[in-house]
Protein chains: 2
Amino acid sequence: MSRTGTRSGKPTLTDVAARAGVSATTASYILNGRTLEMRISSDTEERVQLAAQELGYRPNRTAQSLRTASTRIIGVVTDYVAGGMFSARILAGANAAARQQDHVLMIGETDGDTRTTTELVHEFVDRQVDGLLFVARTTSSIRLPQGLAGTRVVTVNCIDTSSPYPSVLPDDRGGGRRAAEALIGAGLTDGIVVVGEDTTTEALAGVRVDGLVERLAEDGVRVAARLECPWNLDDAYGALAGWLDRGGRPRAVVCLNDRVAWGVYHALADVPLAVPGEVSVISFDGSELGRWMRPTLASVALPFFEMGQEAVRILLDPAEKESVVMDMPLLPGDSMAAPFAAPLSGVEREG
Amino acid sequence: MSRTGTRSGKPTLTDVAARAGVSATTASYILNGRTLEMRISSDTEERVQLAAQELGYRPNRTAQSLRTASTRIIGVVTDYVAGGMFSARILAGANAAARQQDHVLMIGETDGDTRTTTELVHEFVDRQVDGLLFVARTTSSIRLPQGLAGTRVVTVNCIDTSSPYPSVLPDDRGGGRRAAEALIGAGLTDGIVVVGEDTTTEALAGVRVDGLVERLAEDGVRVAARLECPWNLDDAYGALAGWLDRGGRPRAVVCLNDRVAWGVYHALADVPLAVPGEVSVISFDGSELGRWMRPTLASVALPFFEMGQEAVRILLDPAEKESVVMDMPLLPGDSMAAPFAAPLSGVEREG
DNA sequence: TTGAAAGCGGTACCAT
DNA sequence: ATGGTACCGCTTTCAA
């Protein structure tokens with residue numbers, strides 16, 4: 001009465017072979033579509049395919065992995081999965097690219113802890129991942145742990161300057177230039193105030209303002225005021241409100257990120273100064289927050305989804321060795337005077 | 001000259017055994033801490049540990065998995081990884097619980113597509129995951145695909161009523177009651193208007209308003225107006241603005257989610273009506289958006305992190321069969337009149 | 001106290 | 001055109 005002799009539920013390759021009356025070898029070649037290298041009669045092929053079908057055969061990936069030393073798993077070590085939608089967007093991009101190449105993502109969160117990071121790396125390496133992605137929520141400099149020899153690595157939104165691994169970073173200088181071009185294009189060539197400090201001084205970010213100033217200068221435009229403050233609502237509010245109190249009057253405010261812009265909106269509303277009627281606002285991030293603001297915020301976007309995609313592409317291509325910086329596109333919003341005021345969807349206007 | 005004879009880089013259990021001058025069997029028992037079941041001389045034990053240390057031995061998880069038929073991997077099938085921070089928070093909670101029990105998360109995104117879902121499930125089952133989590137961004141009803149026999153499953157923030165698997169859902173009725181208690185506690189017993197439709201009509205959500213009304217009634221309090229609208233900024237703005245135009249004057253607004261609350265803030269500001277001076281606002285979600293609003297938003301929070309944690313706990317406990325609903329705690333905010341107005345941090349007040 | 005040997009489910013070399 | 005067999009690295013039964 002015994003069927004094909006397997007005790008557990010799932011049919012194995014041997015079961016399929018038995019049912020088709022061939023050897024496991026033959027079945028293996030056929031089911032892997034390698035029917036050309038081996039010469040297989042189309043009759044045999046059909047019998048095997050049919051048997052597999054009938055049994056509902058699915059290959060055991062674990063066994064395949066053990067034998068081939070390739071798991072088709074990409075390990076993702078991220079500082080904060082939950083930290084805002086940023087890491088999540090990178091994850092989504094990485095996942096999309098991974099699925100496209102028949103890979104799957106395994107994730108781990110470090111909370112920024114070095115020890116946890118090391119443990120996770122071990123965990124992933126023990127599991128024979130085909131490659132490792134290091135993902136940071138905020139563009140930053142990191143230090144990769146030991147034990148990575150023989151593992152492909154790509155760092156996303158972060159970089160270990162003492163490692164030879166490729167990285168994927170946003171092009172912050174280019175982003176700064178793009179913001180400048182938006183201002184120039186809208187005829188906003190004076191009364192430009194920049195809010196927020198340009199943090200990381202390395203070849204990472206920190207070049208946002210450089211790019212902005214540089215591109216403005218090419219058209220003979222100068223920044224009227226530079227208000228340094230941490231990247232959050234309350235500090236940005238305080239910085240701009242103080243400046244306005246002292247009689248400052250801007251025509252355009254450039255915010256170093258969207259949270260800063262949120263604070264800037266509040267400060268402008270206190271005066272009040274209408275956006276974009278009296279003052280245009282442009283920012284960096286392209287976050288969801290900007291979509292919630294009214295008027296919606298024009299923002300030079302961090303291309304996180306694309307960065308995740310690109311990182312996997314590089315990781316999986318043995319030929320790729322080079323780091324890349326990704327273009328930061330302008331996400332249009334109603335906070336800029338024409339020609340950037342075209343609304344994408346119907347929203348209420350002020351008075 | 002040949003060392004222990006392994007060609008590839010990583011030392012194997014056999015290598016360790018050879019170096020310690022014992023059999024693989026012995027080495028295996030020692031390295032797995034099963035030194036009690038087997039009687040091993042402490043001398044042998046030391047030699048093996050030392051050898052492992054010196055070689056930098058790490059067990060090959062793939063081989064272990066093949067042999068033991070347990071991967072210590074949990075597959076997470078989610079509709080939208082990137083969709084707001086909600087799925088991400090569930091993921092973070094699941095990950096925390098998983099790591100604690102020496103498991104790791106493998107993720108996949110379906111974009112809400114049935115076909116993709118089925119493919120992912122196959123992918124994960126082929127990879128011998130120890131269990132599967134189905135995660136939805138929005139509390140909802142789903143239909144699980146075939147091929148799950150023999151796999152442990154828990155649905156998180158969603159439920160397949162035709163399946164026997166446990167689910168983890170927020171206690172929306174309890175959440176509604178909690179909002180009611182907050183209102184009553186603040187003495188807000190008239191002029192209560194509820195904004196937003198109570199979508200899902202099943203035993204899922206839809207009971208938020210039920211809970212609210214029910215608890216209010218227990219204190220003889222009634223809702224003054226019910227404004228149905230989709231859960232987004234513009235519709236909520238429109239709904240409340242229209243009602244205010246018609247002369248409506250609320251003392252408290254209950255918003256079905258935080259995006260609705262944001263629209264409500266805008267509508268109130270137009271009149272203007274001060275929050276919380278003239279009108280108190282309470283909402284549901286406990287999202288980041290609420291933390292950004294000024295005044296910060298009091299909101300009955302969806303405990304996503306905890307739901308993720310709990311789901312993994314249930315998944316990994318063979319004894320657990322029951323679904324659970326998770327308490328929705330009140331996240332305090334400055335949008336409620338005393339005694340809920342105590343600010344958590346110094347923020348600006350309106351004139 | 002310890003080791004030999006048989007797999008777990010595939011893949012791939014080498015015969016036939 | 002197809003099948004035998006060794007092996008990937010580890011666990012576990014059984015014998016010594």
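The figures that follow rest on heavy atoms only: side chains count, while hydrogens, waters and symmetry mates do not. Predicted model, so just to flag it, every value in this text is computed and none were measured. A, B, ... follow the sequence lines: proteins, then strands. Residue 1 opens every chain.
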Between [atom2] of [N] and [atom1] of [X], the distance in whole Å:
X        : N      : atom1 : atom2 : result
B:Asp126 : C:dG9  : CG    : C1'   : 13 Å
B:Glu46  : C:dT2  : CD    : P     : 13 Å
A:Leu31  : C:dT11 : CG    : P     : 9 Å
A:Arg72  : C:dG10 : CZ    : P     : 17 Å
B:Leu55  : D:dG9  : CG    : P     : 14 Å
A:Arg61  : C:dG10 : CZ    : P     : 12 Å

Pick out the pairs of N or O atoms, protein on one side and nucleotides 2-5 of chain D on the other, that lie under 3.5 Å.
residue	atom	partner	partner atom	Å
D:dT2	OP1	A:Ser41	OG	3.3
D:dT2	OP1	A:Thr44	OG1	2.7
D:dT2	OP2	A:Ser41	N	2.9
D:dT2	OP2	A:Thr44	OG1	3.3
D:dG3	OP2	A:Ser23	N	2.9
D:dG3	OP2	A:Ser23	OG	3.4
D:dG3	OP2	A:Thr26	OG1	3.0
D:dG4	O6	A:Thr25	OG1	2.6

Practice problem: Report yes or no: is the cationic atom of A:Arg137 (NZ for Lys, CZ for Arg) under 6.0 Å from the centre of the six-membered ring of A:Tyr80, at an angle within 45° of the ring normal? | Solution: yes
Quiz item: With a 4.0 Å cut-off, would you call A:Arg152 and A:Asp130 a salt bridge?
Solution: no
Quiz item: Would one find a side-chain N or O of B:Gln64 under 4.0 angstrom from OP1 or OP2 of D:dT11?
Solution: yes
Quiz item: Can a side chain N or O of A:Asn60 be found less than 4.0 Å away from OP1 or OP2 on C:dC8?
Solution: no
Practice problem: Could I get the full list of side chain to side chain donor-acceptor pair (under 3.5 Å) partners for B:Ser163, not counting sequence neighbours? | Solution: B:Asp160
Quiz item: Base, sugar-phosphate, or nothing: which does B:Arg34 touch, judged by heavy atoms less than 4.0 Å apart?
Solution: sugar-phosphate
Exercise. Spell out yes or no: do the side chain of A:Arg67 and the base of C:dG9 have one donor N/O and one acceptor N/O closer than 3.5 Å?
Key: no
Self-check item: Residues that A:Asp126 engages under salt bridge (Lys or Arg N to Asp or Glu O under 4.0 Å), provided they are two or more places apart
Solution: B:Arg58
Practice problem: Answer yes if the side chains of A:Thr71 and A:Ser65 hold a donor-acceptor pair under 3.5 Å, and no otherwise. | Solution: no
Quiz item: Taking atom types as modelled, is there a side-chain donor on A:Ser41 or A:Thr44 under 3.5 Å from an acceptor on the other?
Solution: yes
